[in-house]
Protein chains: 2
Amino acid sequence: MNSLAEENYLKAIYHLQRELNGDVSTNAIADRMETKPSSVTDMVQKLGEKGLVSYKRYKGTTLTDQGQKIAANVIRKHRLWEVFLVEKLKFHWDQVHDIAEQLEHVHSEELISRLDNFLGNPDFDPHGDPIPDKHGKMKRTEKKLLSELQKNQQGVCVGVKESSGEFLQYLDKKQISIGTKIRVLGKEFFDGSMVILVGKDQFFISKKIAENLYVQTS
Amino acid sequence: MNSLAEENYLKAIYHLQRELNGDVSTNAIADRMETKPSSVTDMVQKLGEKGLVSYKRYKGTTLTDQGQKIAANVIRKHRLWEVFLVEKLKFHWDQVHDIAEQLEHVHSEELISRLDNFLGNPDFDPHGDPIPDKHGKMKRTEKKLLSELQKNQQGVCVGVKESSGEFLQYLDKKQISIGTKIRVLGKEFFDGSMVILVGKDQFFISKKIAENLYVQTS
DNA sequence: TATCATATTTAGGCAAGGCTAAAAAAATAA
DNA sequence: TTATTTTTTTAGCCTTGCCTAAATATGATA
């Protein structure tokens, strides 16, 4: 059984490894965890001894298979709980992160398997992120950024890149959520801004918005 | 915000205060928490400084109003989660305690209020114990021990006094659960044993069983 | 009341996870 | 290549919550 702190480190390393695709530096982890580099060194050494990461002094850290499995499981729990909070308890998708952050550390395989079932074995969480299965594998979608679409192309919103409260609230105000169909009515070349159609409303969005929304085309 | 350890102490003191109706001794707490008396002393002193218990050296500990409120809230969460686990995730009532023990420490008023709602604002948990409302008040039922019933009286099972796995499994085997109607067909004077009717089955139970089952008569 | 057993507290330590300050390695610039 | 900056690690300390051993209060008994 791993401690809460250990699980959080593994999770952070898991995400960083994907973002940076490669070894993860001590500072990067410290940044993500909002802690000091010296604390990180202590912890990755401990995780190293436990065989959950491969750590070499001054070189960086990577998850071992075992560490990866544990991290994926924590993420699985986090995302399943998010689905529960949104689908069953009717939370808004921008309110669930902190609560899921706590729920993800409840230990019980039985619980999570029953929860998964209760929710209908979802493949994606309310932000469009894939939910790993019990072996740590997740569905890969061919998702693009909205900004990559051309005039008259359309796609279904499947997730966000940036997930700050402000951004999610913006989307909410515009009635954009997972599953929302979006059609590009126009696109300005010089600044990347767009006019899009959402339901019956059409409106203007900046390049910054378009670069932070994932859509599935095909 | 209180730490996990603090919440567990408050909860234990809350229960003990009711069981012993009065001040709670350091040893009693240590016993309940499966920890050493010296650790308890440390903690009650700390809780005392925080104003959550009133503690006097060598005299014992009681919850303050504030401490009581916090304890009741933890218990509320525990019992609501138990309802969720049994009603929604179809756990058996004898499997949910340890999981609820973890879930009860998730901090979010909003979460618990939505959960309460989702579950239909239940008044009792799957073991028949009352669920405190958000102000810490709980419904009082006039429940008796089965052993207090006389021949030909009947009652509805509303809870258990002892809740060990063995006992709950015994009840399960006999098809007794919350809501089960039980009629006393016979009662032996000299040892308190009974013959009872449950559904269409009648069988013998010892005094020990009868003294650990709560029924509601009226 | 004096004595003895029991309950409780105090003192001093330990492990987990943090932090700061200082040392050492690596990367970058001159 | 040498000097300088940045990154990382080490050393030493802090808090929380636990523990053991020793000291002290309380309460029961003679």
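By convention in this document, chain letters (A, B, ...) are assigned in the order of the sequence lines, proteins followed by strands, and residues within each chain are numbered from 1. All values derive from a computational prediction rather than experimental measurement.
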Listing request: all salt bridge (charged side-chain N to carboxylate O under 4.0 Å, His left out) pairs with a residue in residues 69-83 of chain A, at least two apart in sequence or in separate chains. A:Arg76-A:Asp116, A:Arg79-A:Asp125
In terms of side-chain geometry, is the basic nitrogen of A:Glu110 or A:Arg114 positioned less than 4.0 Å from the acidic oxygen of its partner? yes
Looking at B:Asn27, I'd like to know whether one of its side-chain N or O atoms comes within less than 4.0 Å of OP1 or OP2 on C:dT6. no
Interatomic distance where OH belongs to B:Tyr58 and P belongs to D:dT24 [whole Å]: 9 Å
Write out all pairs satisfying ring pair (Phe, Tyr, Trp, His ring centres under 6.0 Å) with one or both partners inside residues 96-115 of chain A, taking only residues at least two apart or from two chains. A:His78-A:His97
Quick one: side-chain hydrogen bond (donor to acceptor under 3.5 Å, both in side chains) partners of A:Glu87, sequence neighbours excluded? none
Nucleotide-resolved protein contact map, nucleotides 10-21 of chain C, B/S/- at heavy-atom distance under 4.0 Å: B-----SSSBB-
Nearest-angstrom distance from the residue atom CG of A:Asp23 to C1' of D:dT8: 15 Å
Look at the rings of A:Phe118 and B:Phe118 and say which category their plane angle falls in: under 30° parallel, 30 to 60° tilted, over 60° perpendicular. perpendicular
Can you list the residues that meet the side-chain hydrogen bond (donor to acceptor under 3.5 Å, both in side chains) rule with B:Gln17, with sequence neighbours excluded? none
Atom-to-atom span, CD1 of B:Ile29 to P of C:dT8 - whole angstrom: 9 Å
What is the distance, rounded to the nearest whole Å, between atom CG of B:Asn8 and atom C1' of D:dT16? 14 Å
Could you pull out the protein-nucleic contacts involving nucleotides 2-4 of chain D (nitrogen or oxygen on both sides, under 3.5 Å)?
none

Quick one: does any side-chain atom of B:Gln169 pair with a main-chain N or O of B:Glu166 as donor and acceptor, under 3.5 Å? no
Report the distance from atom CG of B:Asp31 to atom P of C:dT8, rounded to the nearest whole Å. 10 Å
Just by distance, with hydrogens left out, do B:Ser164 and B:Glu162 show a side-chain donor and acceptor under 3.5 Å apart? yes
